[in-house]
**Q** 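My questions all concern the structure below.
Residue indices begin at 1 and follow the sequence shown. Note: hydrogens, waters and symmetry copies are ignored here, and every other heavy atom, side chains too, is used.
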Amino acid sequence: MKINRLAPWGMALILLATAVFPLNVLAQTQPPDEITPQDTSYTVFLPMVRRSSTTTTPTPTPRPTIIPNPQLGNIIDHTSPPLYDQIPPEYLRAAEQIRFYYFDRSVGQNISEGLDCLASSSWASSPSSCRRYYTDSSLTDFKVYTTNDRNIPAVILFPGGNDRSNIRFEFYMADYWYSDVQNFVTRYPSLASQWDIISLKHNYLHVGEDSSIARDYFNPNYNGYNIYDILELEARYPNKTFVYWTSSLARNAGTSVSESFNNQMRQWARDNNKILLDIADILSHTPDGQECRNSQGYAIICREYTTESSGGHLGSVSAGKLQVAKAIWILLAQLAGWQGP
């Protein structure tokens, strides 16, 4: 199966495969904090994409944009999860045939658990970890909801039945963000024949105030691994779909670096017509759309999505992992041809 990359005129028609690969999510434990390079200065780079002159472009076929949002273009953001309930069944079935592989660490595992929740035959039969949420607006006590409860929070409800057999998560823990990129670039050729989309998400430990990611990720003069190595993969695999992510967030990890890196990623995606899963935007907005920021004005994960006072894992309450899992299905449904409501 081949999924054509987006072009300014829209997406090329996707051929859906019939092969189904078994789920094989790698087990993990919560990782310790890591030390990132001591460097608090950075420069913002917003380069244009370097294109290979040797790649051939398939015959264009008119396609919808990735998300019906004219301001954000191809970005899946906090406005997207409500669209999940509007995806027609035939497009969900088509989306299930797209083979999606992503690298991350603990938050990626939480997202994979959210995908497992949506794969349950029904909400009522899903694991208790899928039905946990706060009991009142104080966001202190939480419990497992059942069908016997009245006023079940809408943010943890879902119909179930999404086969995620073709979505696989691989846990990879690196000391530095550029090691994540190196692993992704190195592993990509061995995975390309089996998967239609292979992507990398950076975690909140890599966007701390002492990280160099905001300075070097989009820097064309940087000597290490960064965005340009991924763009070289795009040139080598023109018939693959590349999906980019903003970083995950934590309660204490809202920094000038996280703000700069995520804003650069959003602007780069807009300028270069790239597909972006804006997980930072999703997790820094409450289910009703209110923005969550710290006293310094930097985006942080909302309390609705984590019970941690300093971290940002999505396990204790279910809303965060469900929001991101729904966003992934929205992305895949639109790649499969859904034009939105």
Side-chain angles (χ1 to χ4, degrees), residues 1-6 11-12 14-29 31 34 49-52 54-58 95-113 115-116 163-203 205-206 213 216-217 222-248 265 274-277 279 328 331-332 335-336:
M1 177 176 86
K2 296 180 179 179
I3 304 176
N4 295 319
R5 290 184 298 158
L6 294 176
M11 297 188 301
I14 300 169
L15 301 178
L16 299 176
T18 57
V20 177
F21 290 84
L23 173 65
N24 183 22
V25 178
L26 302 184
Q28 67 168 91
T29 57
E34 59 192 279
V49 177
R50 298 180 295 189
R51 298 288 186 183
S52 171
T54 61
T55 58
T56 58
T57 302
E96 289 169 355
Q97 303 305 311
I98 299 175
R99 300 167 298 175
F100 185 88
Y101 195 107
Y102 70 100
F103 292 92
D104 195 13
R105 49 195 299 171
S106 52
V107 173
Q109 174 65 43
N110 296 151
I111 295 169
S112 183
E113 292 164 357
L115 291 164
D116 286 341
D163 181 3
R164 54 88 34 103
S165 299
N166 283 331
I167 304 176
R168 184 178 300 181
F169 159 69
E170 180 177 327
F171 174 75
Y172 181 79
M173 184 172 69
D175 290 335
Y176 306 108
W177 62 266
Y178 44 80
S179 300
D180 274 345
V181 179
Q182 180 179 10
N183 175 69
F184 176 75
V185 171
T186 303
R187 291 288 309 284
Y188 195 99
S190 66
L191 296 169
S193 63
Q194 304 175 50
W195 301 93
D196 305 303
I197 301 170
I198 308 164
S199 66
L200 165 68
K201 185 189 79 61
H202 292 287
N203 66 84
L205 296 176
H206 286 169
I213 192 169
D216 294 328
Y217 202 83
Y222 177 63
N223 290 327
Y225 283 85
N226 66 3
I227 192 71
Y228 287 103
D229 296 282
I230 300 177
L231 294 178
E232 289 179 4
L233 283 178
E234 285 207 40
R236 289 170 55 192
Y237 297 90
N239 293 322
K240 293 293 181 180
T241 298
F242 283 73
V243 174
Y244 296 83
W245 304 62
T246 48
S247 74
S248 53
M265 181 63 80
K274 299 298 182 182
I275 305 172
L276 178 66
L277 275 168
I279 184 176
I328 290 174
L331 165 67
L332 296 178
L335 286 174

**Q** Does any part of the side chain of Asp216, heavy atoms only, come nearer than 4.5 Å to the side chain of Trp177, both counted from C-beta?
**A** yes

**Q** Contact between Val107 and Lys201 at the side-chain level, heavy atoms closer than 4.5 Å - yes or no?
**A** yes

**Q** Any chance you could measure Leu331, atom CG, to Leu276, atom CG, to the nearest 0.5 Å?
**A** 10.0 Å

**Q** Just one of Tyr244, Trp245, Tyr102 clears the side-chain hydrogen bond (donor to acceptor under 3.5 Å, both in side chains) bar with Ser199, so which one?
**A** Trp245

**Q** At what distance, to the nearest 0.5 angstrom, does CD of Glu96 lie from CG of Asn166?
**A** 8.5 Å

**Q** Got a second to check how far Ile198's CD1 is from Phe242's CZ, nearest 0.5 Å?
**A** 7.5 Å

**Q** For Tyr237 and Ala192, work out which heavy atoms get closest and say how close.
**A** CE2-CB, 3.7 Å

**Q** The test is side chain to side chain contact (heavy atoms under 4.5 Å, CB included); show your working for Phe169 and Ile111 and say whether it passes.
**A** CA-CA 9 Å; Phe169 159 69; Ile111 295 169; over 6 Å; no

**Q** Could you report the tightest heavy-atom contact between Asp229 and Gly224, atom names first, then the distance?
**A** OD2-O, 3.7 Å

**Q** Within the structure provided, determine whether Ile197 and Ile275 are in side-chain contact (heavy-atom separation under 4.5 Å).
**A** no

**Q** What heavy-atom pair brings Ser247 and Asn203 nearest, and what distance separates the two atoms?
**A** CB-O, 4.4 Å

**Q** Going from CZ on Phe103 to CG on Leu191, what distance comes out if it is rounded to the nearest 0.5 angstrom?
**A** 5.0 Å

**Q** Answer yes or no: is there a side-chain heavy-atom contact under 4.5 Å between Asp180 and Tyr225?
**A** no

**Q** How far does CZ of Arg99 sit from CD1 of Ile167, to the nearest 0.5 angstrom?
**A** 13.0 Å

**Q** List the steps and the verdict of side chain to side chain contact (heavy atoms under 4.5 Å, CB included) for Tyr172 and Leu200.
**A** CA-CA 10 Å; Tyr172 181 79; Leu200 165 68; over 6 Å; no

**Q** I'd like to know whether Tyr188 forms a side chain to side chain contact (heavy atoms under 4.5 Å, CB included) with Lys240, so could you lay out the CA-CA distance, the side-chain angles of the two residues, the decisive distance to 0.1 Å, and finally the verdict.
**A** CA-CA 11 Å; Tyr188 195 99; Lys240 293 293 181 180; 3.4 Å; yes

**Q** Do His206 side-chain atoms and Ala174 backbone N/O form a donor-acceptor pair below 3.5 Å?
**A** yes

**Q** Got a second to check how far Glu234's CD is from Thr241's OG1, nearest 0.5 Å?
**A** 9.5 Å

**Q** Are Arg105 and Leu205 packed together at the side-chain level, in the sense that at least one heavy-atom pair is separated by less than 4.5 angstrom?
**A** yes

**Q** For the backbone of Met265 and the side chain of Lys274, can you confirm whether one donor and one acceptor N or O come within less than 3.5 Å of each other?
**A** no

**Q** Students often mix this up, so state it plainly: with edges at 30° and 60°, are the rings of Tyr178 and Tyr222 parallel, tilted or perpendicular?
**A** tilted

**Q** Do Arg236 and Pro189 have side chains that get closer than 4.5 Å, going by heavy atoms?
**A** yes

